[in-house]
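Structure record follows, encoded as structure tokens.
By convention here, the first residue in the shown sequence is residue 1. Whatever order the structure lists them in is the order used to number ligands and atoms, beginning at 1.
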Amino acid sequence: MKNIVIFGAPGSGKGTQSDMLVARYGFDHISTGDVLRAEIKNGTELGRTAKAYIDKGQLIPDDLMIDILAATYDALPKTAGVIFDGFPRTIPQAEALERMLAERGTQVHAMLELQVPDEMLIERLINRGKTSGRADDNAETIAKRLEVYNAQTAPLIAWYDKAGLRNAVTGHGALEDINAALRAVIDNL
Ligand code: ATP
Ligand code: MG
């Protein structure tokens, strides 16, 4: 049972690569963005709270996000392993994940970092916005999300590096080549 964090800026391809890894290894996949969007779609109170932050390109407060993550994790079958996509996004979230997994007798086994240049991220997100219907895939919100990523999320790179868990791979080029690089890390765990 492996716990794998897939990490990268908005638009770095976390969701796409996670789907490919799920197909290959049978992992469970937690995408916090997908969880929040489902709440919004279902019109729940949590969805209404989340929408106010997401539409501004901001992060949902840590306390709330940590509770959502734990509930989502505990509901999974957890057979081959779990991919965490979109969590952690702050240092307190990374600390909470470490604590949560320790309480359950396990740990994070690897952090996989998708590296993509900023100008490519912006182009991908603008293009995705044409078909995704996502209210946050517009030029203004994309700029804000990248700013939030650099300020609040990017410090996790050094945090995971220090923990000896960080594995950086090139996140542009052919999808299959990127996935092969991720699989090489996973097959070594
Ligand atoms: P990608 O394109 O690589 O999948 P993304 O940044 O476009 O990444 P999501 O992961 O789908 O998007 O997240 C969308 C929004 O949901 C974020 O901008 C944020 O507002 C909120 N969100 C998701 N995960 C978290 C989290 N761990 N903490 C706080 N807010 C979160
Ligand atoms: Mg995503």
Fill in the blank from the handout: Short version for L69: what comes under 4.0 Å of ligand 1, heavy atoms counted, is neither
Exercise for the section: State whether a side-chain donor-acceptor pair under 3.5 Å links T90 with Q152. Expected result: no
Handout entry: Atom indices of ligand 1, in the order listed, that fall short of 4.0 Å to a heavy atom of R145
Key = 5 (P), 6 (O), 7 (O)
Problem - Y53 near ligand 1 by a heavy-atom separation under 4.0 Å - result: no
Problem - The single option from D137, D55, D118 passing salt bridge (charged side-chain N to carboxylate O under 4.0 Å, His left out) against R145 - result: D137
Practice task
Show which atoms of ligand 1 fall inside a sub-4.0 Å distance from at least one heavy-atom site of A9.
Solution key: 3 (O)
Handout entry: T32-ligand 1 polar pair, N/O distance under 3.5 Å
Key = yes
Practice task
Taking atom types as modelled, find out whether Y53 and D136 have a side-chain donor-acceptor pair closer than 3.5 angstrom.
Solution key: no
Practice task
Quick one: name the residues clustered hydrophobically with V148, using the 4.5 Å side-chain heavy-atom rule over I, L, V, M, F, W, Y, and just say none if it's on its own.
Solution key: L59
Practice task
Flag P10 as yes when one of its N or O atoms lies below 3.5 Å from any N or O atom of ligand 1, and as no otherwise.
Solution key: no
Practice task
Report yes or no: does a heavy atom of G8 sit under 4.0 Å from some atom of ligand 1?
Solution key: no
Completion exercise
Honestly, for R37 the part within reach of ligand 1 (heavy atoms, under 4.0 Å) is side chain
Exercise for the section: State whether the shortest distance between N or O atoms of I60 and N or O atoms of ligand 1 falls below 3.5 angstrom. Expected result: yes
Exercise for the section: For ligand 1, indicate whether the residue R134 contacts it via side chain, backbone, both or neither (heavy-atom separation under 4.0 Å). Expected result: side chain
Practice task
Ignoring angles and geometry beyond distance, decide whether K14 reaches within less than 3.5 Å of ligand 1 through its nitrogen or oxygen atoms.
Solution key: yes
Problem - Residues, nucleotides or ligands: over 12 heavy atoms within 6.0 Å of E140 CD - result: no
Problem - Sub-4.0 Å atoms of ligand 1 with respect to non-hydrogen atoms of Q93 - result: 26 (C), 27 (N), 28 (N), 29 (C)
Practice task
Please confirm whether G86 comes within less than 3.5 Å of ligand 1 when only nitrogen or oxygen atoms on both sides are compared.
Solution key: yes
Problem - Contacts of R99 that satisfy side chain to side chain contact (heavy atoms under 4.5 Å, CB included) - sequence neighbours left out - result: E95, A96, E103
